[in-house]
Amino acid sequence: MNIATVIVDVPTLGTDKEFDYLIPEKWKGIIERGMRVAVPFGPRTIQGFVTGLKSNSPYKDKLKELKEPLDLTPVLNKELLELGEWLATDTLSFKISCFQAMLPAAMKAKYEKRFLRINMEDNPFLDDLFGGKTEITWKKAEERNILPALHAEIKLGNAEVVYDVKSLARKKMIKVYETMMDNEEMLTLLNSLPANASNQKMILEYVLKQQSAQYTAKELTDAGAPQSSIHGLVKKGVFTEKNEEVYRDPFEHKQFDRTAPFLLTNEQREVITPILDTIESKKYETFLLYGVTGSGKTEIYLQSIQKVLDKGQEAIVLVPEISLTPQMVDRFKSRFGNDVAVLHSGLSIGEKYDEWRKVQRKEARVVVGARSAIFAPFENIGIIIIDEEHETSYKQEELPRYHARDVAIYRAKYHQCPVILGSATPALESFARAQKKVYHQLTLSKRMNNKSLPPVSIIDMREEMRDGNRSMFSRELHTKLADRLEKKEQTILFLNKRGHSSFMMCRDCGYVMQCPHCDISLTFHRYTNEMKCHYCGFNTFVPHTCPECSSNHIRYFGTGTQKVEEELYKVFPEARVVRMDVDTTGRKGAHEKLLEHFQSGKADILLGTQMIAKGLDFPNITLVGVLSADTMLHLPDFRASEKTFQLLTQVSGRAGRHELNGEVVIQTYTPEHYSIEYAGQQDYDRFYQQEMVMRKVGSYPPFYYLTLITISHEDLMKTVSTTEKITKYVQSRISDEAIILGPVASPIPRINNRYRYQCLIKYKHEPELKPTLHKVLEHYQQQFIKEGLTISIDVNPYMMM
DNA sequence: AGCACGCCGACT
DNA sequence: GTCGGCGTGCTC
């Protein structure tokens, strides 16, 4: 077993396989599967993952020795290594990308090159090149423009290039001072100190008072001790100084009050019983916990986790990124305290690394996090919970394009434990699986406080228009808003569109200002005063006259959050408005700040996009207004109705969650659409029935699986012809039962000057599809790189654009 | 990916 | 004749 098989950090098809390396004598028995290692690869040194150990290799004669391990213990266990392999085949990604997706970003290697001087003889030229030192970094050499000269010296044998693999990870170290002296000795010393050593005296008095075994540097400096006098005491032998690793704790300054489990309602007890049974009997099972908002799903999660912890096992809880709010974290931290690690994108690289290591060292047994937390390196998982399971953010849009739900089920089968998918508006696929008894459905139909859901009125904006109301607020919403302002109660206004206006059109010639690089109209942003492309980031000045016909009859159509904010101040000058969208929450912590501002009652109206639809639970909110329910409905996406229904149901759930009664107003131009009608009635079951009919007719999931191939290139003809060729090839390799749509232009036919064509494959059972797609990648790879084509294959896509 | 090798044009 | 352009192919 002196040979390690390694997956190297080069994400290409040609290198997506194991490379064999000799294990040097000194690392024998130390190198294990799942460790990161530095290996020579061609002329470079790069990072790799050890996937196995063996004693023979077909490359016997050309084996190189691996350089060194980068970890003391494996970072990927046996399960995660296998999961990585499976993920790579399942999503048609590279193994290395899969492994990297499982680890915190801090573990991704950083590469650095430097030149080493070999010839140490007297040589003024070399002295000059190396600036009198024995080495120089590549970057420095580049800046000084001496790369060619250094290369010449390498040829002469006077210098060489060294490749370093560096980890981004930094352990945070602090200085700790320990004392071995007893009180008596210390007192003697204290009295013998000269009068001018006031700081040292002060420290000794402090230590005598505190009586602890060790003190952090920070504690001593906080007590007023300068660095120099601490060192003075170290010299005198009072303290020994050492470096100790500390975790960066994102919740350092937060107090969590411990909560005890709540008494469950009858309904909750019925629901939790089968879950607890499954935990007890260590069986795999996926539960769909279908419960209206406020029905107490979280308490079910908490008590199930408690059971898992009691059995000495671990738990993973996934929460959508945007609802991973302090509120949510509090609920877990206050029940399980330090047993909880939190992983989400708001943390710094270092913080994420530390939280991850708490898990790896088994210092935390519950992980609460966004999508990637599904890879938490636990070894004895007792439950996996996915809250708001219908959220599309559980699908990663970059490589590897995995869905956290699929990974959860894979891991649960491996660990023989339950998965709980919780939602008030389950994904159609999930609900259908529950109907077919693939998942075990559990239903919570009552709200815990027995409050009925808030009444919803659906306003037909066409009628408002006919009656002469051209404002963006219907008469009913206007009256109710005024009423809430009067009563000092709070309102949430929801609009799924940021910016000011979605497009600009000339009323004389019909010219619409478009992005020169993408086939999409530019959005008007009031505050930055520019026209912006939301796809490639292009921006330009705001025209005062039409660029086409010079007319000044320019109008802005489509309403964004900025425009609503302006309008609110016009109609209700006394209202205090908080606007929350990507543009106002860009900075770290801005999100929490705005919410806190609203929660403390310093604002009357919270106006925002998607991000305010979830999780907010403020007692004073009694009105929810949806300004335009149909913005999403007409997108070219077969899930448009489902998304609309889910969003409307969720926003509605924000009103009247406590003592005060809530109301919901939904404004729309298509009140007759079933997703709006049923959302108004909060009737998931009827929506499900109707939507299933539509999916069946359109041959969409859950009746068919989908795979989307997108090809892009700067040249339109090239794009079309390549897509055609690939489509034909795929068609020839799979059965007639599969439906192939395309080649057709993508819904956004051009982004960043690249044309985009796609081919959508709908199928029920095609075992040959994945191998075929793999062949497509293999076959076209060289041509793709050579001709600048890009191909993306998305199995079970959520973004059809 | 990143680097070496190799085969053709514009110069000392 | 040589320096350097970037097309091709390999990395255990």
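Residue numbering restarts at 1 for every chain, and letters A, B, ... go by the order of the sequence lines.
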query: So, is A:K62 near the phosphate of C:dC12, with a side-chain N or O under 4.0 Å from OP1 or OP2?
result: no
- prompt: Has A:M717 got more than 12 heavy atoms of other residues, nucleotides or ligands less than 6.0 Å from its CE?
  reply: no
- prompt: Once the angle between the rings of A:H403 and A:Y798 is folded into 0 to 90°, is it parallel (under 30°), tilted (30 to 60°) or perpendicular (over 60°)?
  reply: tilted
- request: To the nearest Å, give me how far apart CG (A:N2) and P (C:dC12) are.
  value: 17 Å
task: Quickly work out the A:Q100 CD to B:dA1 P distance and round it to whole Å.
output: 13 Å
query: NA contact type, A:Y21, heavy-atom cut-off 4.0 Å: base, sugar-phosphate, or nothing?
result: sugar-phosphate
query: Separation of A:K64 atom NZ from C:dT11 atom P, in whole Å?
result: 9 Å
query: Roughly, in whole Å, what's the span from CG in A:D9 to C1' in C:dC12?
result: 16 Å
query: Within the distance-only criterion (no hydrogens, no angle test), does the side chain of A:W86 pair as donor or acceptor with the backbone N or O of A:V407 below 3.5 angstrom?
result: no
Could you go through nucleotides 2-5 of chain B and list every protein N or O atom that sits under 3.5 Å from one of its N or O atoms, giving the distance for each pair?
unit_1, atom_1, unit_2, atom_2, d
B:dG2, O4', A:R44, NH1, 3.3
B:dC3, OP1, A:K113, NZ, 3.1

message: I need the NZ-P distance between A:K17 and C:dT11, as an integer number of Å.
response: 8 Å
Passing candidate, ring-ring contact (aromatic ring centres under 6.0 Å, His included) with A:Y402, options A:Y410, A:Y394, A:F375: A:F375
task: Would you kindly give the CZ-to-P distance between A:F41 and C:dC10, to the nearest whole Å?
output: 12 Å
task: Return the orientation label for the A:F99 and A:F49 ring planes: parallel under 30°, perpendicular over 60°, tilted otherwise.
output: tilted
- request: Describe the nucleic acid contact of A:P58 in one word from base, sugar-phosphate, nothing, applying a heavy-atom distance below 4.0 Å.
  value: nothing
- request: Find the distance A:L13:CG to B:dA1:P and express it as a whole number of Å.
  value: 11 Å
task: List for me each residue that meets salt bridge (Lys or Arg N to Asp or Glu O under 4.0 Å) alongside A:E135, sequence neighbours excluded, and say none if there are none.
output: A:R114
